[in-house]
Amino acid sequence: MAKKDWMIRESELDDDQIQILQATLDKSCVVSGCAGSGKSVLALIKAQRIQKEKGDDYQIIVFTKALCSYMNSGRELLGLKKQFDYHWHWKNRKNCPSSDYIIVDEIQDFTKEEIFDFIHATKRNFFFFGDTAQSIYEGLKTTIPVKYINRLFPFGKEPKDWDLYRNYRLPLPVAKVSKYIGLDLDAWEENVYKSREREIPRFLEYPNMEEQIKAIVKIVKNLNLTDVGILLPHNQIVEETSNILNSYDLSHEAKWEDKSNWRNSVNSLNFNTTNPKVMTYHSAKGLQFEAVFLPCITHLSDDENRKISEQKALYVAMTRTYRYLYVMYSGVLPYPLSNVPKELYKTTEIDEVEEI
């Protein structure tokens, strides 16, 4: 199956998206929306307009290295001249350089101090794009929800607020499942979800981790999938999964960090290829895939702060798909997935055909 072009043409945008793009470049603004509302695409098209009308003194900054690589893969399609930065590199290697225009995606993942770094680096105007759900880093760092960013400014100096309401990526069957996982979500409205994909998610049980990964290899090959995310809860299990995939000769790319020895960290992600991408839930923030596999689902942490962060990260991982979702586990289906009504998912790898 062909990999979906992740960019949206301006002719395909809805009225609320067009309104944001046509807004003046002479006032800073904060754009908020649900996952799949097209925020990252709008950020790139906004940069395209700045480049055309104001010149190339702009920067686009994102929190994760994976999202930076992903957005850079769409840069040439829009004719953008500037490479994008992930935050650590922008701050620690470049020392927060200033530009006329600063564009930041996933602004809800940044602290107050980091947001002020962006503001102080802006010579003219900034454009912040963020998810209406709270950050998956809540409990791990003190982030600022998008709806509270205006409170950082004195009265009369606030940026313009824009809201996006529709979800264009997430299939309705996946949305019906993931609403039982997410926290701090907007009230459920079925008509928000505009995707026409109707594949039912699958919750699949296997005896052990290796059988789960073996099943992924089989499904990828049987369906000829070319846009695959294999997403896992932490770095060590990403490395283990990559090693198992190698044993089955499945070409793939992976990203994991070894915090005890950075030399052992790996990042071979290349979003211009059709190889499966293997990474943590956190690294997948902002990305999308035709098929998302979530092997090695386990119980959440007993620590309350970590539990909240882990549940939000699981929600992020589940909502990266624009077609297929495969949840894989061994033993008992753990919370919060155990809360999902059984009629909302299938439990077989493929649809069973009844004999006549």
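Worth saying up front: this structure is predicted, and the values here are computed from it rather than measured.
- Looking at L44 and V41, their side chains never come closer than 4.5 Å, going by heavy atoms from C-beta outward.
- The cluster map of Ile, Leu, Val, Met, Phe, Trp and Tyr, joined by side-chain heavy atoms under 4.5 Å apart, puts L78 and L25 in the same cluster.
- Residues N264 and N261 meet the side-chain proximity criterion, which asks for heavy atoms closer than 4.5 Å.
- Residues V332 and Y329 fall into different hydrophobic clusters, defined by Ile, Leu, Val, Met, Phe, Trp and Tyr side chains chained together at heavy-atom separations under 4.5 Å.
- Proximity of a side-chain donor or acceptor of N167 to a complementary backbone N or O of A35 within less than 3.5 Å is detected.
- Residues D117 and K91 are in side-chain contact: their nearest non-hydrogen atoms beyond the backbone lie under 4.5 Å apart.
- Counting all heavy atoms, side chain and backbone alike, L245 lies closest to H252 at CB-CE1, 3.6 Å.
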Quick one, M71 with D105, criterion side-chain contact (heavy atoms from CB on, under 4.5 Å). Give me CA distance, side-chain angles, the key distance, then yes/no.
CA-CA 10 Å; M71 293 182 73; D105 197 20; 3.9 Å; yes
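- The shortest distance between side-chain heavy atoms of N235 and T280 falls below 4.5 Å.
- The 12-atom threshold is exceeded at CG of N191, counting heavy atoms of other residues, nucleotides or ligands nearer than 6.0 Å.
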Intermediate values then yes/no, side-chain contact (heavy atoms from CB on, under 4.5 Å), R320 and R169
CA-CA 8 Å; R320 297 308 91 198; R169 176 180 66 228; 3.2 Å; yes
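- The shortest heavy-atom contact between I115 and I107 is CG1-CD1, 4.0 Å.
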Walk me through it: do S260 and D258 pass the test side-chain hydrogen bond (donor to acceptor under 3.5 Å, both in side chains)?
CA-CA 5 Å; S260 63; D258 185 337; 2.6 Å; yes
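- For the side chain to side chain donor-acceptor pair (under 3.5 Å) condition, the pairs that include at least one residue of residues 79-89, sequence neighbours left out, are N72-Q83, D85-H89, D85-K94.
- Contact annotation: the side chain of T111 never approaches that of I144 to less than 4.5 Å [non-hydrogen atoms, C-beta and beyond].
- With rounding to the nearest 0.5 angstrom, the CZ atom of R75 is 10.0 Å from the SG atom of C68.
- Scored by the side chain to side chain donor-acceptor pair (under 3.5 Å) test, D163 finds S32 as partners (sequence neighbours excluded).
- Residues H299 and P334 share a closest heavy-atom pair of ND1-CB, 3.5 Å.
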Audit row: R202, T347, side-chain contact (heavy atoms from CB on, under 4.5 Å) steps and yes/no:
CA-CA 6 Å; R202 298 179 188 269; T347 57; over 6 Å; no
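- Residue I50 comes nearest to Y101 through the heavy atom pair CG2-CD1, 3.5 Å, listed as atom of the first residue, atom of the second, then distance.
- Crowding of K112 atom NZ: a count of heavy atoms from other residues, nucleotides or ligands under 6.0 Å not exceeding 12.
- Linking ILVMFWY residues whenever their side-chain heavy atoms come closer than 4.5 Å, directly or via other members, places Y148 and I136 in the same cluster.
- In this structure, Y335 belongs to a hydrophobic cluster whose other members, linked by side-chain heavy atoms under 4.5 Å apart, are L300.
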Enumerate, atom names and distances included, each donor-acceptor pair closer than 3.5 Å involving a side-chain atom of residues 174-182, sequence neighbours excluded.
unit_1	atom_1	unit_2	atom_2	d
S178	OG	V174	O	3.1
S178	OG	A175	O	3.4

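- At a threshold of 4.5 Å between non-hydrogen side-chain atoms, the residues S242 and W256 count as touching.
- Considering only residues two or more places apart in sequence or on other chains, Y326 meets the ring-ring contact (aromatic ring centres under 6.0 Å, His included) condition with F293.
- Under a hydrophobic clustering in which Ile, Leu, Val, Met, Phe, Trp and Tyr are joined whenever their side-chain heavy atoms come within less than 4.5 Å, directly or via other members, L152 and V30 fall into the same cluster.
- Pairs passing the ring pair (Phe, Tyr, Trp, His ring centres under 6.0 Å) check and including a residue from residues 27-64, sequence neighbours excluded, read F63-F110, F63-Y137.
- Atom OH of Y70 is separated from atom OG of S40 by 7.5 Å, given to the nearest 0.5 angstrom.
- For F126, the ring-ring contact (aromatic ring centres under 6.0 Å, His included) partners are F128, F153, not counting sequence neighbours.
- The two residues P295 and L231 come nearest to each other via the heavy atoms CD-O, 3.6 Å.
- Side-chain atoms of Q108 and S135 include no donor-acceptor pair closer than 3.5 Å.
- How far CE of M318 is from CD1 of I297: 7.5 Å, rounded to the nearest 0.5 Å.
- Applying the ring-ring contact (aromatic ring centres under 6.0 Å, His included) rule to W262 yields no partners; only residues at least two apart in sequence or on another chain are considered.
- How far CG of L314 is from CG of L294: 6.5 Å, rounded to the nearest 0.5 Å.
- At a threshold of 4.0 Å, the pair D302-K307 does not count as salt-bridged, since none of the basic side-chain nitrogens sits closer than that to a carboxylate oxygen.
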List the atom pairs, with distances to 0.1 Å, where a side-chain N or O of residues 207-220 and a protein N or O form a donor-acceptor pair under 3.5 Å, not counting sequence neighbours.
unit_1	atom_1	unit_2	atom_2	d
N208	OD1	E210	N	3.2
N208	OD1	E211	N	2.9
E210	OE2	Y248	OH	3.4
Q212	OE1	C296	N	2.6
Q212	NE2	S330	OG	2.9
K218	NZ	E349	OE1	3.0

Run the numbers on K123 and D57 for side-chain contact (heavy atoms from CB on, under 4.5 Å), then give the verdict.
CA-CA 10 Å; K123 292 189 286 188; D57 190 11; 3.4 Å; yes
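- Note on residues 16-31: pairs passing salt bridge (charged side-chain N to carboxylate O under 4.0 Å, His left out), not counting sequence neighbours, are D16-R166, D26-K54.
- Here K312 pairs with D184 in a salt bridge; the nearest charged N to carboxylate O distance falls below 4.0 Å.
- Geometric assessment of K46 against the ring of F127 yields a positive cation-pi assignment under the 6.0 Å and 45° thresholds.
- Residues K65 and N267 form a side-chain contact, since some pair of their non-hydrogen atoms from C-beta on lies under 4.5 Å apart.
- In this structure, CD1 in I102 is found 4.5 Å from OG1 in T122, a value given to the nearest 0.5 Å.
- Linking ILVMFWY side-chain heavy atoms closer than 4.5 Å, directly or via other members, places I200 and F289 in two distinct hydrophobic clusters.
- Every residue was checked against the side chain to side chain donor-acceptor pair (under 3.5 Å) condition with R306, not counting sequence neighbours, and none meets it.
- Taken to the nearest 0.5 Å, the CD atom of Q19 stands 10.0 Å off from the CG atom of L164.
- Using a distance-only test at 3.5 Å, with no hydrogens or angles considered, a donor-acceptor pair links the side chain of E310 to the main chain of S301.
- Of all the heavy atoms in T321 and L170, the pair that sits closest is O-CD1, 3.7 Å.
- Between E257 and K255 there is a salt bridge, since at least one side-chain N of the basic residue sits less than 4.0 Å from a carboxylate O of the acidic one.
- Donor-acceptor pairing under 3.5 Å is lacking for the side chains of D56 and Q51.
- Evaluation of the salt bridge (charged side-chain N to carboxylate O under 4.0 Å, His left out) test over residues 186-197, restricted to residues two or more places apart or in two chains, returns E197-R323.
- Contact of the P276 side chain with the I230 side chain is registered, since non-hydrogen atoms from C-beta on lie closer than 4.5 Å.
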